[in-house]
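Start at 1 with the first residue, then count along the sequence. The figures that follow rest on heavy atoms only: side chains count, while hydrogens, waters and symmetry mates do not.
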Amino acid sequence: TESLKGGGVGVFTTDTVYGLGGRADKLSVIRKIYRLKKRDKNKPLLILVSSVAMAKRYVKINKKQELLLKKYWSAQAYGGADKSGALTAVLEDKKILPKELSNNTGKIGVRLPDNKFLLNIIKKLQVPLIATSANISGQRSALDVKNIKVKADFIVDGGKLLKSKESTVVDLTGEEIKILRQGDLKIKVII
């Protein structure tokens, strides 16, 4: 946590694949993640939060959107959720975090992971964590530290992960749900 507090960028397990991340409130961290990943600056980054209350500080969530999140977000946030964590919701940005995070789109992807280790880190930092797969852009996502090619400040070895797709990404800013990336989680709710 100390490295992250100071603006470090690390690799850690998420509830899907190995992730590369750092504090979402520091422009220097955002720029470093783009550089390490060789990611196109036109591709926004998503954030991980530790609770719905934290998400509401940074993005707008209406009652219909919250119903969907209650159904699919982490059981850590809502007891007995149908699925855990593997949903990234694109929501309207409150413009508190640096605009480079969202590529000036006015929207931010937000996920509440089903991963106690990450949730504890986010709670200690008291700010969201940027999370993107720990790979060079365009290459396969890492399920094992041996496959990580990015040069982060630190790596937390969580062992070999089960084969998994990244999270399902849905845009909730319009009248209908738009699926931007299909992961393992299938969305069956219409808002």
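- Screening residues 88-98 for salt bridge (Lys or Arg N to Asp or Glu O under 4.0 Å), with sequence neighbours left out, gives Lys60-Glu92.
- Between the CG atom in Leu118 and the CZ atom in Arg111 there is a gap of 8.0 Å [rounded to 0.5 Å].
- The distance from atom CG of Leu125 to atom CD of Glu2, rounded to the nearest 0.5 Å, is 9.5 Å.
- Thr88 places none of its side-chain heavy atoms less than 4.5 Å from the side chain of Thr168.
- The minimum heavy-atom distance between Ala55 and Ile61, with the atom names listed, is CB-CD1, 4.0 Å.
- No side-chain heavy atom of Thr14 sits less than 4.5 Å from a side-chain heavy atom of Pro113.
- Of all heavy-atom pairs spanning Leu69 and Ala89, the tightest one is CD2-CB, 3.7 Å.
- Here the side chains of Phe12 and Phe117 are in contact, with some heavy-atom distance below 4.5 Å.
- The distance from atom CG of Leu48 to atom CG of Leu112, rounded to the nearest 0.5 Å, is 8.5 Å.
- Ile96 and Arg57 make their closest contact through CD1-O, 2.8 Å (heavy atoms, listed as atom of the first residue, atom of the second, distance).
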Under the side chain to side chain donor-acceptor pair (under 3.5 Å) rule, what do Ser102 and Lys107 come out as? Steps first, then yes or no, please. CA-CA 6 Å; Ser102 65; Lys107 302 176 183 181; over 6 Å; no
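- The nearest pair of heavy atoms linking Leu101 to Tyr34 is O-OH, 4.2 Å.
- Follow the hydrophobic side-chain contacts under 4.5 Å out from Leu27 and you never reach Leu4; the two are in separate clusters.
- Residue pairs meeting the salt bridge (Lys or Arg N to Asp or Glu O under 4.0 Å) criterion with at least one member in residues 130-145: none, sequence neighbours excluded.
- With a 4.5 Å cut-off on side-chain heavy atoms, Val127 and Tyr58 count as touching.
- For the pair Leu46/Val110, no side-chain contact is recorded, criterion being any heavy-atom separation below 4.5 Å from C-beta on.
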Would you mind writing out the side-chain donor-acceptor pairs for residues 128-136 within the sub-3.5 Å range, not counting sequence neighbours?
from	atom 1	to	atom 2	distance (Å)
Ser133	OG	Lys37	NZ	3.3
Ser133	OG	Asn135	OD1	2.5
Asn135	OD1	Lys37	NZ	2.9
Asn135	ND2	Gln139	O	2.5

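- Between Glu66 and Lys56, at least one side-chain N (NZ, or NE/NH1/NH2) sits under 4.0 Å from a carboxylate O, which counts as a salt bridge.
- Side chains of Leu91 and Gln65 form a contact here, defined as non-hydrogen atoms less than 4.5 Å apart.
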For a side chain to side chain contact (heavy atoms under 4.5 Å, CB included) check, start with the C-alpha distance between Asn103 and Lys43, then their side-chain angles and the critical distance, and finish with the verdict. CA-CA 7 Å; Asn103 187 33; Lys43 292 177 104 180; over 6 Å; no
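- The minimum heavy-atom distance between Ala24 and Ile47, with the atom names listed, is CB-CG2, 3.7 Å.
- Taking CD1 of Ile121 as the reference point, atom NZ of Lys116 lies at 15.0 Å (rounded to 0.5 Å).
- Other members of the cluster containing Val90 are Val169, Leu180, with ILVMFWY side chains joined at under 4.5 Å, either directly or via other members.
- Here the closest heavy-atom approach between residue Arg39 and residue Pro44 is recorded as NH2-O, 2.7 Å.
- Counting heavy atoms from C-beta outward, Leu87 and Val170 have side chains that approach closer than 4.5 Å.
- For Asn120, there are no side chain to side chain contact (heavy atoms under 4.5 Å, CB included) partners two or more places apart in sequence or in a different chain.
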| Verdict with reasoning, Leu143 to Tyr18, per side chain to side chain contact (heavy atoms under 4.5 Å, CB included) | CA-CA 6 Å; Leu143 298 174; Tyr18 271 89; 5.5 Å; no
Please tabulate, for side-chain N and O atoms in residues 153-161, each donor-acceptor pair with protein atoms closer than 3.5 Å (sequence neighbours left out).
from	atom 1	to	atom 2	distance (Å)
Asp153	OD1	Lys32	NZ	2.9
Asp153	OD2	Val9	N	2.7
Asp153	OD2	Lys32	NZ	2.8
Asp157	OD1	Gly159	N	2.8

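- Side chains of Ile179 and Asp171 form no contact here, defined as non-hydrogen atoms less than 4.5 Å apart.
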